[in-house]
Number of protein chains: 2
Amino acid sequence: MRKQAATRQSDVLDVLNQHDKPMTAYAILDQMKVGEPGLAAPTIYRTLAALTEQGRAHKLESINAFVPCRCAHETSVPVLAICEECLAVEEHDGAQLLPQLTALSQKSAFEPTRHIVEIHGRCQTCAT
Amino acid sequence: MRKQAATRQSDVLDVLNQHDKPMTAYAILDQMKVGEPGLAAPTIYRTLAALTEQGRAHKLESINAFVPCRCAHETSVPVLAICEECLAVEEHDGAQLLPQLTALSQKSAFEPTRHIVEIHGRCQTCAT
DNA sequence: AGAATTTATTTTATAATATAACAAATTTGG
DNA sequence: CCAAATTTGTTATATTATAAAATAAATTCT
């Protein structure tokens, strides 16, 4: 049995939205296998690739996990702050960083296609 | 047979310095196994953890690979530009980004401990 | 509309990355 | 020098990700 990509994508996004913490691809897979036992890893990875490409989800590169995008997705530079204690993620718009990032790239005539900005630390709740 | 951590660290750093592209942990392992066949993955990962903690190497979180630090290592924000075509990495000092990153963290009283900034794109040589 | 072709999706299998748990050696403080 | 603590090494396994083959849907052409 086969599902349309768009359907898969909203299914995966639903799962992400039902959790308030970032999920690994395999955590998503386990969740979705409840209702659809045949499902396997590549389906999840392909779907996540599409979602991140569209800006509807973000990958946290430093912890190999995913969150749904909750910013206006036209943002050129998503900034993801990850609490190392509770793993909560806050998403900020980093558009203001763009001029400086661009300046750095231009130092060596580097042509940027994607900016990755993540902050590790402690969220308000966990910081005593 | 056993080696002091400091010696391991400079051995690993030597290997990183002998290559002009980022190396995965297993690429380093393979290289070092030539002279020391018994060597295993955890030794490499432990050594890399120490080196990155000391700021003598950087992990590229978005590609799971490592480069030696070539900046002044007191830099608070290393910026790593990765060419998606040839994989060359340029290291910049992103100290100038710190005020804005701090401002973003303060929006939600987040206490940052580490900033990760990576740029994907094409280096001067590969960009036509 | 129906067969042929193409494209997209799923499945199976496996590769690449990382760490847990245990064992052995070295160092350190008495 | 001996015992405890620590560091390093080894084995085994967990986690993350993707390649390749198989299958299903969609498209195109007549």
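This structure is a prediction, so every number in the text was calculated from the model and none was measured. Below, chains carry the letters A, B, ... as their sequence lines are ordered, and counting in each starts from 1.
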Distance in angstrom units between [X] [atom1] and [N] [atom2], rounded:
{"X": "A:Lys59", "N": "C:dT17", "atom1": "NZ", "atom2": "P", "answer": "12 Å"}
{"X": "A:Asp30", "N": "D:dA14", "atom1": "CG", "atom2": "C1'", "answer": "13 Å"}
{"X": "A:Arg8", "N": "C:dA8", "atom1": "CZ", "atom2": "C1'", "answer": "12 Å"}
{"X": "A:Asp11", "N": "C:dT9", "atom1": "CG", "atom2": "C1'", "answer": "14 Å"}
{"X": "B:Leu39", "N": "D:dT8", "atom1": "CG", "atom2": "P", "answer": "13 Å"}
{"X": "A:Tyr45", "N": "C:dA15", "atom1": "OH", "atom2": "P", "answer": "17 Å"}
{"X": "B:Ile44", "N": "C:dA16", "atom1": "CD1", "atom2": "P", "answer": "17 Å"}
{"X": "B:Leu60", "N": "C:dA16", "atom1": "CG", "atom2": "P", "answer": "19 Å"}

Quick one: list whatever passes side chain to side chain contact (heavy atoms under 4.5 Å, CB included) with B:Glu85, sequence neighbours left out.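 B:Glu85 satisfies side chain to side chain contact (heavy atoms under 4.5 Å, CB included) with B:Cys83, B:Arg122, B:Cys126 only.
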Under-3.5 Å donor-acceptor pair between B:Arg46 side chain and D:dG9 base: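 Such a pair exists between side chain and base.
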Answer yes or no: is there an ion pair linking A:Arg8 with A:Glu36, defined by an N-O contact shorter than 4.0 Å?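 A:Glu36 and A:Arg8: salt-bridged.
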Distance below 4.0 Å between A:Asn64 side-chain N/O and C:dT17 OP1 or OP2: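 No, A:Asn64 has no side-chain N/O under 4.0 Å of OP1/OP2 on C:dT17.
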Within a reach of under 6.0 Å around NZ of B:Lys21, are more than 12 heavy atoms found that belong to other residues, nucleotides or ligands?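 Yes.
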Do A:Gln18 and A:Gln31 meet the criterion of a side-chain donor-acceptor pair at a distance under 3.5 Å?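 No - no donor-acceptor pair under 3.5 Å links their side chains.
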Looking only at heavy atoms, what is the nearest atom pair of A:Asp93 and A:Gln96, with distance?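 Taking every non-hydrogen atom into account, O-NE2, 3.9 Å.
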Closest to the A:Ala40 side chain, choosing from C:dT12, D:dG9, D:dT11: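 My answer, after comparing the listed nucleotides, is C:dT12.
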Counting only non-hydrogen atoms, which of residues 13-29 of chain A are less than 4.0 Å from DNA chain D?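 Only A:Thr24, A:Tyr26 qualify.
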Test of understanding: clusters of I, L, V, M, F, W, Y form through side-chain heavy atoms closer than 4.5 Å, transitively. Do B:Met23 and B:Leu60 belong to the same one?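 No.
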Give the table of side-chain donor-acceptor pairs shorter than 3.5 Å for residues 42-50 of chain B, with sequence neighbours excluded, one pair per line with atom names and distance.
unit_1  : atom_1 : unit_2  : atom_2 : d
B:Thr47 : OG1    : B:Thr43 : O      : 2.7

